[in-house]
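Worksheet: one structure, shown below.
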Amino acid sequence: MITNRKKNDFKNKQKKLIDLVEKADFSQQLLDNIHLKLLDNHEINESLSKLFERILSEIPIGIIKDRQKVTKKILERINMSPVGIPDSHLSLAHATDESITSAFFSVYELTNPIEMMSMNRAAISVKRVLLMLGPTSMPDFQNNLMSKISSAIVMNNQNISIFENGSEQQIKNLVATQFIEQLNFWERDN
């Protein structure tokens, strides 16, 4: 005979499995959107605005509703605080906005490096732009995934090297590792 307690325990396990599948699906979707794209920026080198307009034009349809608004948000963020990663050739451009429908991360390799300020206020030559976007409000798990990517970029020299020089597959493997850690962390706490 199945008791009410066993029925409730079974329902809780089902809910936990459904939650885990949803989180894994989101993680996989975010990972699938990561690409290392070569961006010919010879003609737009002098303008950060034009560069980010061009980068945002490469993002799959449906992730951003208003590209001009997001470009403006990115530029505001850069003007507020430098986004170059110290002692690297990377910048981590990021923004949140209600016109962004889904979390997004990808890497753009520039054919013509641009000079930007790093977080420690030194000028650096940026060869790759790491772009991180998200809706204004995201569930905690999605927000934590984006934070995992961000901390992987700025907290570890080996990771910086992969983002700076690695192939698309190496970058995806690194990010997948961060996602698995986050899924394991969520599973332990629930």
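Along the sequence shown, residues carry numbers from 1.
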Test applied, salt bridge (Lys or Arg N to Asp or Glu O under 4.0 Å); reference residue, Asp97; option that passes from Lys69, Arg67, Lys65: Lys69

Separation of Lys172 NZ from Leu36 CG (nearest 0.5 Å): 10.5 Å

Given Arg128, Lys127, His89, the one that forms side chain to side chain donor-acceptor pair (under 3.5 Å) with Glu109: Arg128

Distance-only side-chain donor-acceptor flag, Gln169 / Asn173, under 3.5 Å: yes

Least distance between heavy atoms, Leu90 atom then Ile160 atom: CD1-O, 3.8 Å

Set of residues satisfying salt bridge (Lys or Arg N to Asp or Glu O under 4.0 Å) with respect to Lys148, sequence neighbours excluded: Glu181

Side chain to side chain donor-acceptor pair (under 3.5 Å) against Ser118, all qualifying residues, sequence neighbours excluded: Asn120

Thr136 side-chain N/O to Thr96 backbone N/O, donor-acceptor pair under 3.5 Å: no

Test side chain to side chain contact (heavy atoms under 4.5 Å, CB included) applied to Ser27 and Leu145, Ile180, Asp32, the passing residue: Leu145

Smallest separation among heavy atoms of Leu30 and Ala103, with atom names: CD1-O, 3.4 Å

Side-chain donor or acceptor of Asn144 paired with backbone N/O of Asp140 under 3.5 Å: yes

Aromatic Tyr108 / basic Lys37 pairing, under 6.0 angstrom, 45° off normal: no

Shortest non-hydrogen separation from Gly134 to Ile100 and the atoms involved: O-CD1, 3.4 Å

Side-chain ion pair, Lys15 and Asp19, N-O less than 4.0 Å: yes

